[in-house]
Amino acid sequence: MSRIEFKDVRHAYPPPAGQAPVYALKEISQVWEDGGAYALLGPSGCGKTTLLNIISGLLTPSEGSILFDGRDVTRQPTAARHIAQVFQFPVVYDTMTVFDNLAFPLRNRGMPEARATERVTEIAEMLDLSDRLHQRAAGLTADGKQKISLGRGLVREEVNAILFDEPLTVIDPHLKWQLRSKLKELHQQIGVTMIYVTHDQVEALTFADQVVVMYDGGVVQVGTPVELFNRPKHTFVGYFIGSPGMNVLPCKLENGQPVFANNLLSSGYPADADLSGKLEIGIRPEFVGFGDDGIPVEIQKVEDLGRYQVVTVKHEAEQIKMLVGEDEAIPSESPMIQFDPENLHIYHDDWVVETRNA
Ligand code: ADP
Ligand code: MG
């Protein structure tokens, strides 16, 4: 096991002839602590797979270095890195049995047959594959094949980290939930660093202790699910995490406090100075409420989600989402809304204004 460190890593794939390179990763310095459970969360195309491939050595970054426990492995081949990687789509040998598929990474590294059998039996049990060990992999469904791929990632004992690249994409929803809990359980048992890539916030938040949010080739925030919810550092994190995501609204500043559509608001995190550039406030739907005074709005839509109602309101051109309890009345005449100052954040060119000891 090791602590994995990225130092000023950037990566550009070779551009088509005559074109300038575009960086798929834009300078990432990041530590993956030994034994951590990380989720790498971000939309399609933001660089997640590129980053995993750089850890495992399938890809050498154009710039920067990768350290395992302080040792530079940037130019080392995959075999020397002891990383297990599970890909998005099943990688199995169709003509081999399930057993032989699972034993392959172990036999390949010279593990004695008795010990390999023990390991394979254990992992097969965990993945509910025990009754199919002697079938050929070719006969399995996509689910079954992906379970073999997961098993091949999990079966090795001496690895520095296990990387999962959206491994549950082809798995049906019910089994997805089961496998995700199993992975989490397994992490608690074996304590190997796991990096789990997904574009699904629920998956990320249930699996990980630390979520690394990526956007457009960079890491925008690393934090616990609670930190990402309470204080999104970048408007993208606010918007991507939460359901519905954070409201991001244009504002001006007056003595460091935000003014939204001529309404002077109060934020627990005022700006030090009246900045220029793109200025916005961010407030999650959970922290918008109806009141006797505040910002006048028009109600556009009420969606009943059982315990909550999602209410969409409009002030001038701006749409705002609110989460309201199931029993809470929705005012019918001249509704007004208020923002909770402690949860109102100011963003300057998409980055949160850092004041106070946040
Ligand atoms: P993600 O896994 O988050 O969807 P990727 O790491 O696959 O993102 O891709 C990041 C960016 O790099 C994308 O713009 C993608 O088109 C580009 N890219 C990925 N692989 C290659 C490649 N082999 N050659 C050229 N461009 C690539
Ligand atoms: Mg990918």
Side-chain angles (χ1 to χ4, degrees), residues 4-30 32 37-66 73-75 77-78 81 83-92 142 145-146 149-150 152-153 161-171 176 179-180 183 193-208 210-223 225 228 232-241 245 350:
I4 298 172
E5 185 174 1
F6 270 44
K7 266 193 171 161
D8 307 321
V9 169
R10 298 178 81 200
H11 187 71
Y13 289 99
Q19 288 182 28
V22 176
Y23 282 88
L25 289 188
K26 285 175 179 161
E27 188 152 315
I28 297 188
S29 292
Q30 165 76 29
W32 316 84
Y38 293 93
L40 198 56
L41 177 67
S44 177
C46 72
K48 305 180 297 294
T49 297
T50 304
L51 191 149
L52 286 195
N53 289 344
I54 288 175
I55 295 179
S56 63
L58 289 175
L59 207 58
T60 305
S62 343
E63 294 165 41
S65 43
I66 323 297
V73 300
T74 318
R75 321 248 146 231
T78 47
R81 297 194 191 191
I83 297 283
Q85 190 167 5
V86 179
F87 300 94
Q88 193 166 6
F89 298 101
V91 180
V92 297
K145 286 187 184 176
Q146 186 63 350
S149 290
L150 279 169
R152 284 157 50 107
I162 309 178
L163 314 180
F164 301 94
D165 197 350
E166 314 209 32
L168 305 184
T169 309
V170 296
I171 305 266
K176 219 178 224 181
L179 284 176
R180 202 166 59 211
L183 288 180
T193 312
M194 291 188 182
I195 304 177
Y196 186 102
V197 166
T198 176
H199 60 265
D200 177 339
Q201 57 162 318
V202 177
E203 239 175 53
L205 301 183
T206 48
F207 174 76
Q210 290 281 311
V211 181
V212 178
V213 185
M214 284 185 75
Y215 173 64
D216 195 20
V219 170
V220 284
Q221 187 168 6
V222 182
L228 299 178
K233 278 197 175 164
H234 189 278
T235 52
F236 175 76
V237 178
Y239 150 83
F240 201 63
I241 290 176
D350 286 312

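Note that ligands are numbered from 1 as they come in the structure, with each ligand's atoms numbered from 1 the same way.
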(request) Could you check whether the rings of Y196 and F164 sit parallel, tilted or perpendicular, using 30° and 60° as the cut-offs? (result) tilted
(request) May I ask you to identify the nearest protein heavy atom to atom 10 (C) of ligand 1, giving residue, atom name and distance to one decimal place in Å? (result) G45 O, 3.5 Å
(message) So, 4.0 Å and heavy atoms of S44: is ligand 1 close enough to count as a contact?
(response) yes
(request) Considering the heavy atoms of T50, write down every atom of ligand 1 situated less than 4.0 Å from one of them. (result) 5 (P), 6 (O), 9 (O), 10 (C)
(request) Tell me yes or no: between the side chains of S62 and Y23, is some donor less than 3.5 Å from an acceptor? (result) no
(message) Assess the residue pair Q221 and H234 against the criterion (side-chain hydrogen bond (donor to acceptor under 3.5 Å, both in side chains)); give the C-alpha distance rounded to whole Å, side-chain angles, the decisive distance to 0.1 Å, and a yes or no.
(response) CA-CA 7 Å; Q221 187 168 6; H234 189 278; over 6 Å; no
(message) For a distance under 2.8 Å, tell me if T49 has an N/O/S atom near the Mg ion (ligand 2).
(response) yes
(message) How about OH on Y215, more than 12 heavy atoms from neighbouring residues, nucleotides or ligands closer than 6.0 Å, or not?
(response) no
(message) Closer than 4.0 Å and a protein heavy atom, does any atom meet both conditions relative to atom 22 (C) of ligand 1?
(response) yes
(message) Does the protein place a non-hydrogen atom closer than 4.0 angstrom to atom 16 (O) of ligand 1?
(response) no
(request) Measure the acute angle between the ring planes of Y239 and F236, then classify it against the limits of 30° and 60° as parallel, tilted or perpendicular. (result) tilted
(request) Can you pull out the closest protein heavy atom to atom 7 (O) of ligand 1? Residue, atom name and distance to 0.1 Å, please. (result) T49 CB, 3.8 Å
(request) Around atom 8 (O) of ligand 1, find the nearest protein heavy atom and jot down its residue, atom name and distance. (result) G47 N, 3.2 Å
(message) Within a 6.0 Å radius of atom NZ on K7, are there more than 12 heavy atoms belonging to other residues, nucleotides or ligands?
(response) no
(request) Please lay out, stage by stage, how I195 and I55 fare under the test side-chain contact (heavy atoms from CB on, under 4.5 Å). (result) CA-CA 10 Å; I195 304 177; I55 295 179; 3.6 Å; yes
(request) Note the single closest protein heavy atom to atom 27 (C) of ligand 1, along with its residue, its atom name and the distance in Å. (result) Y13 CD1, 3.2 Å
(request) Identify, by atom number and element, the atoms of ligand 1 in contact range of A24, meaning under 4.0 Å from any of its heavy atoms. (result) 11 (C), 12 (O)
